Structure formats: structure tokens, C-alpha cells
**Q** 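Pasting a structure below so you can have a look.
As the structure is a prediction and not an experimental result, all values here were calculated from the model. Below, each value reflects all heavy atoms present in this structure, side chains not excepted, and no hydrogens, waters or symmetry copies.
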Amino acid sequence: MEDITRDGNFTSKPLAGVNEFFSALNILLAITASLGNTLILIALHKVSSIHPPTKLFFRCLAVTDLCVGLVVHPLFATVQLSRITEVNEDVLYYMYVVSRAAGWIFSVVSVLTVTAISVDRLLALLLGLRYRHVVTLRRVRVAIICFWFIGASIGSIRKWGRDITFASASVFLTLSLVTSIFCYTRIHLKLRHRQVRQQNIFPLRQANEGGIPLNIARYKKSVSSILWVQLALVACYGPWVFVTFLYAIGIKNELRVAWTITTTLVHLNSTFNPILYCWKIREVRQAVKATIKQRDCFF
């Protein structure tokens, strides 16, 4: 991976026009991610229909995305601009270190949180009435604290060993992806089995009541919402993982621009998530519209 040495020099030569473009793009994304996730946090505060522990997971995800907009995007843009402007070497080096560490921390927390939401949706289906007694606010808070501890640990390791960081992150990414795939597969099979059973046992009753009970329909919408968030995360992180693999097998000098592109794409996920919340979660969309109309929130 492209790095900055202790004296503030880049390990690869800058490319004309590329740094200016990605600096401007990251500044734009900093604005959209910050505003978008601020709106989502305000909207989540107003929404009461989402189960509080589940809402807390969404809040955690929105906070990490907000931090990306406030911290990671501006630092990344500044580091890119430093290639074509004069910046104090020590300042540049520490900005680079903070940018990389913060990026790792927020990315790890985001991945773990999205995975936890998929597990939460599976437990809601399997536990039934016991779900609210098992998945409590206290336990979710403990889980989120653990996520931030893991993220901070990996971000700190990045300062001392890049290979160790890549290995640790690869393990967590792999486990998170496998866990999410298992959860959504189990949810799909369970819902399909339940639907077939209801059609066989209560055909007349379902005909009178209009099909699947409303709670199942509502549950499907919530699963669909987080599935879209999961797919967006995979789409944004996938190219970066592929470039990391190329780097690991020895292809390094050819990846100068690829690192910049894929890192920006990872950060772009923080702008996508608020859009997905508004698109897929009706209550959040209505709360965001109401917040925008109340201009005194911003002035």
C-alpha cells in the first residue's frame, strides 16, 4: 500500500490531475456524509416504531458514517492535496497516520455493526416473544463497546504493523461476511418454511385475513432494509479487498491510483447509507422530511 515516510515523502510519485480530482471528490463526500448522517441521527431520535436495541445499532452505524464525513474525508483530501502543495512534513505525516487509523477504526465498527444487525434480525425471527427479553439495550450497548474496542485495536496496530492489520482485518471481514450470509440464508429458509406451513394448515383463515400476518410483512421490510445496507457495504469494500489481495501477492507499483480509488469508494459507503435508510425505511424517510422542513434545526 502507498505510504508516507517519516520525513513526509510519498513512496510513489504523484499523477497529474488525479490528486486534485480525488481531493475535490472527498471534500464533496465529506459534506454529503456529514449532513446525511446528521439528518439520520435526528430522524432516528424521532422514530419510535423501531425496536430500541435495533435502533441503537442503526445509530452506531450512523455515528461511524458521520465520523467518516467529519474526520476521514477531510484528512484524506488534505493528504492528497499535499502532493501538489507545500505542507509541513511532520504535520503531513501525523495527518496521514490519523487518517489511516481513523479509517480502519470506523470501517471495522461499521462492518461489525452491519453484521450485528443481521444477527439481530435472525434472532427476532427465531426467538419470537422471547426476543425482547434476550436482545436488550444493555446487551446491545456492551456489543457496541466491544465493536469500538476491536476497531480501535486494529486501528492502533496499523501504526506498528501493516501486515498484521491486513491479516486482522481480513479475518474480521471474512467472519462478518460468512455470518451475514448465514443469517440471511437462515431467514429466507425459515420464512419460506413458515409460509408453506401456514398455507397448508390455515388456507381458509389466510384467505379471510389477507395472507401473511402484518408482523411478518413488517419483518420482511426490515430485513430487506438491512440487506440493502449490507449489499452496499460489500459493493464499496469489495474492490478494496481485491486490491489488497493484489498487493499481498507482490503487485505494488501498479496500484498507486487503485489505492486512491478503492479507498475513496470505501469512504463513499458513508454517503450511501443515509440514502438507503430514507429509501427503504418509511418511518425514517418521513422523519427526515419533517426535519428538513423544520429549518430552525439548521439555522
**Q** Which heavy atom of A33 sits nearest a heavy atom of D65, and at what distance?
**A**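 Heavy atoms of A33 and D65 come nearest at CB-O, 4.2 Å.
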**Q** Taking it one step at a time, do S34 and L66 satisfy side chain to side chain contact (heavy atoms under 4.5 Å, CB included)?
**A** CA-CA 5 Å; S34 299; L66 177 62; 4.3 Å; yes
**Q** Would you call H45 and I42 a side-chain contact if the rule is heavy atoms closer than 4.5 Å?
**A**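 A side-chain contact under 4.5 Å is absent here.
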**Q** Looking at V234 and L177, what are the two nearest heavy atoms and their distance?
**A**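 Minimum heavy-atom contact is CG2-CD1, 4.2 Å.
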**Q** Measuring from T263:OG1 to F76:CZ, what's the distance to the nearest 0.5 Å?
**A** 5.0 Å
**Q** Can you hop from V223 to L127 via hydrophobic side chains spaced under 4.5 Å?
**A**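 Linked, V223 and L127 end up in one cluster.
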**Q** Go through it in stages, so that I can follow the logic: the residues are V142 and I145, the test is side chain to side chain contact (heavy atoms under 4.5 Å, CB included), and I'd like the CA-CA distance, side-chain angles, deciding distance and then a yes or no.
**A** CA-CA 5 Å; V142 171; I145 291 173; 5.6 Å; no
**Q** Do Y237 and S107 pair up side chain to side chain, a donor and an acceptor below 3.5 Å, judged on atom types alone?
**A**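 Per modelled atom types, Y237 and S107 side chains form a pair under 3.5 Å.
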**Q** Side chains of R121 and L227: does their closest heavy-atom pair fall under 4.5 Å?
**A** no
**Q** Could you check R139 against V134 for side chain to side chain contact (heavy atoms under 4.5 Å, CB included), going step by step and ending with a plain yes or no?
**A** CA-CA 8 Å; R139 290 174 179 174; V134 174; 3.9 Å; yes
**Q** Just by distance, no angles: are the side chains of T179 and T115 close enough, under 3.5 Å, to form a donor-acceptor pair?
**A**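 T179 vs T115: no donor-acceptor pair found between side chains.
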**Q** When you measure from the side chain of R59 to the backbone of L41, do you find a donor-acceptor pair of N or O atoms at a distance under 3.5 Å?
**A** no
**Q** Mind listing the closest non-hydrogen atom pair of N26 and A77 along with its distance?
**A** CB-CB, 4.0 Å
**Q** Let's go through F22 and I261 carefully: what are the C-alpha distance in whole Å and the side-chain angles of both, what is the deciding distance for side chain to side chain contact (heavy atoms under 4.5 Å, CB included) to 0.1 Å, and is it a yes or a no?
**A** CA-CA 8 Å; F22 280 101; I261 295 173; 3.3 Å; yes
**Q** Same hydrophobic cluster for I187 and F182, using side-chain heavy-atom links shorter than 4.5 Å among ILVMFWY?
**A** yes
**Q** Determine whether S176 and L112 make a side-chain contact, defined as any pair of heavy atoms from C-beta on separated by less than 4.5 Å.
**A** yes
**Q** Are the side chains of Y184 and Q230 in touch, meaning some heavy atoms are under 4.5 Å apart?
**A**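 They are in side-chain contact.
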**Q** Find the distance between OH (Y277) and CZ (F272) and round it off to the nearest 0.5 Å.
**A** 13.5 Å
**Q** To the nearest 0.5 Å, how far apart are OG1 in T264 and CH2 in W240?
**A** 13.5 Å
**Q** Please report the shortest heavy-atom distance between A152 and I105, naming the atom on each side.
**A** CA-CG1, 3.8 Å
**Q** Under a 4.5 Å cut-off applied to non-hydrogen side-chain atoms, are L39 and I292 in contact?
**A** yes
**Q** Is there a side-chain contact between Q286 and K289 in this structure, where contact means two heavy atoms from C-beta onward sitting under 4.5 Å apart?
**A** no
**Q** Do you know which two heavy atoms are closest between L122 and R186, and how far apart they sit?
**A** CD1-CG, 3.6 Å
**Q** For V63, is there any backbone N or O sitting under 3.5 Å from a side-chain donor or acceptor partner on N37?
**A** no
**Q** Treating Ile, Leu, Val, Met, Phe, Trp and Tyr as nodes and any side-chain heavy-atom pair under 4.5 angstrom as an edge, say whether L126 and V119 lie in one connected cluster.
**A**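 As far as the 4.5 Å side-chain criterion goes, V119 and L126 are connected within one cluster.
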**Q** Same cluster for V68 and I27 if Ile/Leu/Val/Met/Phe/Trp/Tyr side chains link at under 4.5 Å?
**A** no
**Q** Just wondering, do C60 and W148 contact through their side chains at under 4.5 Å, heavy atoms?
**A**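 Yes, their side chains come closer than 4.5 Å.
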**Q** Do the rings of Y131 and H51 sit parallel, tilted or perpendicular, given the 30° and 60° boundaries?
**A**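 Geometry flag for H51 against Y131: tilted rings.
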**Q** Roughly how far, to the nearest 0.5 Å, is the OG atom of S180 from the CG atom of L175?
**A** 10.5 Å
**Q** Under 4.5 Å between any side-chain heavy atoms of P53 and T136, yes or no?
**A** no
**Q** Tell me whether W279 is reachable from L231 by hopping between hydrophobic residues (I, L, V, M, F, W, Y) whose side-chain heavy atoms are closer than 4.5 Å.
**A** yes
**Q** State which residue, out of V140, I50, V114, fulfils the side-chain contact (heavy atoms from CB on, under 4.5 Å) condition with F57.
**A**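 With F57 as partner, V140, I50, V114 yield a single side-chain contact (heavy atoms from CB on, under 4.5 Å), made by V140.
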**Q** When you measure from the side chain of S99 to the backbone N and O of M95, does any donor-acceptor pair fall under 3.5 Å?
**A** no
**Q** Distance from I226 atom CD1 to L61 atom CG, nearest 0.5 Å?
**A**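 That separation rounds to 7.0 Å.
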**Q** Would you compute the distance between atom CD of E283 and atom NZ of K46 and round it to the nearest 0.5 angstrom?
**A** 14.5 Å
**Q** Can you see which heavy atom on R285 is nearest to which on C278, and at what distance?
**A**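 Taking R285 first and C278 second, the nearest heavy atoms are NH1-O, 2.8 Å.
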**Q** Around W228, counting heavy atoms of other residues, nucleotides and ligands shown, do more than 12 lie under 6.0 Å from its CH2?
**A**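 12 or below, so no.
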